[in-house]
Amino acid sequence: LTGEQVLHSLLEQLQLSQAPVLPGAGAQGAAIPAPMRAQYVALLHRSHGGRSREK
Amino acid sequence: RFSQSFREVAGRLLASEASEASALVLAFGLERRLPAGSELVRAALRLFQRPPPPAAPRRPERSARAQVTVEWLRVLPDGSRRAWLVDSRLVNVHDSGWKAFDVTDAVTFWRQLSPPRPPLLLRVSVRREPLGPGAAGAHRLVRFGAQGPEGAEAAPRLELHTLDLEAYGAQGDCRPEAPAEGARCCRRESYLDLQGLRWAAHWVLEPPGLLLHECAGACRQPPAPRAPPAPFLGPRRCVAAETGPVPVIVRAAAEGGEARPRLLSLPDLRVRRCGCAADGAPLPRPAAP
């Protein structure tokens with residue numbers, strides 16, 4: 001898997017033709033709302049361990 | 001036989017119907033027939049085509065064929081039935097003998113069902129060929145062994161060709177110290193540093209990088225077949241057999257030019273399992289095709 005494939009997948013999901021040019025943000029992590037962070041962590045765990053839990 | 005392991009399962013006739021297209025429904029009890037730790041290479045439905053009655057008139061060559069179609073029949077939880085096409089071929093109505101149909105897809109789908117699994121149901125229908133108002137009813141001469149009083153010799157059979165995954169499958173995760181050259185098919189870990197990519201640095205908030213896997217190594221090829229191999233199948237290669245999504249949080253432009261976080265799930269980016277599969281052969285898929 002290459003960076004190009006990840007970029008392609010992201011652009012496809014967001015229906016964009018190219019990566020957006022965004023200004024750098026200082027404390028990026030803090031800008032993520034707590035519910036979204038919790039949902040992200042849940043998806044991350046499922047992505048890593050879904051299979052072993054099924055077993 | 002070309003496979004290392006070869007089993008034959010006798011079918012049971014559930015129903016037959018005669019209309020525009022005559023049809024049979026066959027049931028195969030496959031539970032425990034496919035050994036654990038084995039990979040299905042090919043499943044063939046063998047039907048014995050009985051010779052037409054001696055009194056049957058000889059038809060012109062053009063109308064002396066019938067289209068035999070095999071479908072996987074599934075009874076859904078709400079009680080409705082749905083059929084998926086798995087194979088279809090023309091047969092000569094004056095012919096007789098064993099006919100083989102490739103039902104690998106049907107058995108592959110059936111294997112994805114949650115246990116306890118119902119018997120595998122295959123519907124075999126015979127339609128006239130060519131289609132059209134002028135077509136003759138020659139297809140009614142096609143009868144298979146399940147429809148008559150013959151003995152078990154002519155009963156429908158399902159041949160299951162399997163390979164032992166211990167000897168022919170992937171070996172799980174690659175050993176980091178082992179060279180990739182000549183290694184057996186395995187899952188190799190790789191890391192993609194997103195923060196090191198210019199396009200991702202200010203766009204992707206989470207994660208900073210992706211711990212991903214790729215399938216590497218070689219697959220053992222089955223012994224050379226004595227019978228003709230399944231058509232269109234290439235050599236076995238090491239490929240992703242099971243994948244999963246990867247969550248990411250990006251900054252997406254919102255109204256007013258403000259960039260807000262957005263959670264996305266990128267499908268199939270994570271390789272969960274590698275396996276050996278022939279080019280053109282179906283990989284295990286979710287139950288509903």
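By convention in this document, chain letters (A, B, ...) are assigned in the order of the sequence lines, proteins followed by strands, and residues within each chain are numbered from 1. Quick caveat, the model's predicted, so the values are computed rather than measured.
- Rounding to the nearest 0.5 Å gives a distance of 10.5 Å between CD1 of A:Ile32 and CZ of B:Arg251.
- The shortest heavy-atom contact between A:Ala19 and B:Trp203 is CB-CZ3, 3.8 Å.
- Residue B:Arg237 qualifies as open at atom CZ: its count of foreign heavy atoms under 6.0 Å is 12 or below.
- A:Leu10 touches chain B through backbone and side chain together, each having a heavy atom under 4.5 Å away.
- Residue with the most contacts toward chain A among B:Asp193, B:Leu197, B:Ile249: B:Ile249 (heavy-atom pairs, distance under 4.5 Å).
- Between A:Met36 atom CE and B:Glu206 atom CD the span is 11.5 Å, to the nearest 0.5 Å.
- Minimum interatomic distance between A:Gln13 and B:Pro267 (heavy atoms only, all atoms of both residues): NE2-CD, 3.7 Å.
- We find the CG-OH distance between B:Leu264 and A:Tyr40 to be 11.5 Å, quoted to the nearest 0.5 Å.
- Annotation: the span from B:Leu266 atom CG to A:Gln5 atom CD amounts to 12.0 Å, rounded to 0.5 Å.
- Looking at B:Val250, the atoms closer than 4.5 Å to chain A (heavy atoms on both sides) all sit in the side chain, from C-beta outward.
- One distance of note links CG of B:Leu263 with CZ of A:Arg37; it measures 11.5 Å at 0.5 Å rounding.
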